[in-house]
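Sequence lines set the chain letters: A, B, ... in the order given, protein chains first and strands last, and positions in each chain run from 1.
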Amino acid sequence: MSKFTDGVINIVKLVPKGKVVSYGQVAVMVGSPRSALQVGWALHIKGEEGITPWWRVVNKDGYISTKCEEHTKNIQKEHLLKEGVEVGKNLKIDMKKFRWFPKYSTLKNLELDEKYIYLLSEKYKI
DNA sequence: GCTATGACAAGGA
DNA sequence: CTCCTTGCCATAG
């Protein structure tokens, strides 16, 4: 029940259908820009099947990068395709097209510090 | 408190 | 494209 883990889950739940975010992006949104790794961990541990859309999270290059046996790349791909996200042959997603950037009000609701909001817009260029 | 681990990021060769 | 290094940090044991 750490703030970090819960934050990750909450944010991932905000990702709209048909859009994806990167681990790093979620990390910034939860207030720990250097904890991209833990984002994956949080989803693995706390993610609830059918409730937490873990498949909408990919790595910085837009590649699917799961290693989990129960949540395979293929399963993730299927989920994404079903939602209208184009997944290329090499499990590549066009982040330019499908990256989700939250509204300012959404970020505000997360009680996120201004500096992180600024960091987000800098890093992922809205 | 310490070490090891990891569904990553970023930058370089 | 692949392979490597460094940085970071929550959790597990």
Nucleotide by nucleotide, nucleotides 2-8 of chain C touches protein heavy atoms under 4.0 Å in the pattern (B base, S sugar-phosphate only, - none) ------B
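Atom CG of A/Leu91 and atom P of C/dC1 are 12 Å apart (whole Å). Going from atom NZ of A/Lys46 over to atom C1' of B/dA7 covers 17 Å, rounded to whole Å.
Scanning for side-chain contact (heavy atoms from CB on, under 4.5 Å) contacts around A/Asp113 gives A/Lys115, A/Tyr116, with sequence neighbours left out. Scanning for side-chain hydrogen bond (donor to acceptor under 3.5 Å, both in side chains) contacts around A/Tyr104 gives A/Glu114, with sequence neighbours left out. Not counting sequence neighbours, A/His79 has no partner by the side-chain hydrogen bond (donor to acceptor under 3.5 Å, both in side chains) test. Not counting sequence neighbours, A/Lys67 has no partner by the side-chain hydrogen bond (donor to acceptor under 3.5 Å, both in side chains) test.
Listed by first and then second residue, the ring pair (Phe, Tyr, Trp, His ring centres under 6.0 Å) pairs that reach into residues 17-46 of chain A come to none, sequence neighbours excluded. Pairs passing the salt bridge (charged side-chain N to carboxylate O under 4.0 Å, His left out) check and including a residue from residues 80-95 of chain A, sequence neighbours excluded, read A/Arg56-A/Glu83, A/Glu86-A/Lys97. Evaluation of the salt bridge (charged side-chain N to carboxylate O under 4.0 Å, His left out) test over residues 7-24 of chain A, restricted to residues two or more places apart or in two chains, returns none.
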Just the table, please: protein N/O against nucleotides 9-13 of chain B N/O, every pair under 3.5 Å.
unit_1, atom_1, unit_2, atom_2, d
B/dA9, OP1, A/Lys60, N, 2.8
B/dA9, OP2, A/Lys60, N, 2.9
B/dA10, OP1, A/Lys123, NZ, 3.2
B/dA10, N7, A/Lys60, NZ, 3.2

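Proximity of A/Ser2 to the phosphate of C/dT11: a side-chain N or O atom is located under 4.0 Å from OP1 or OP2.
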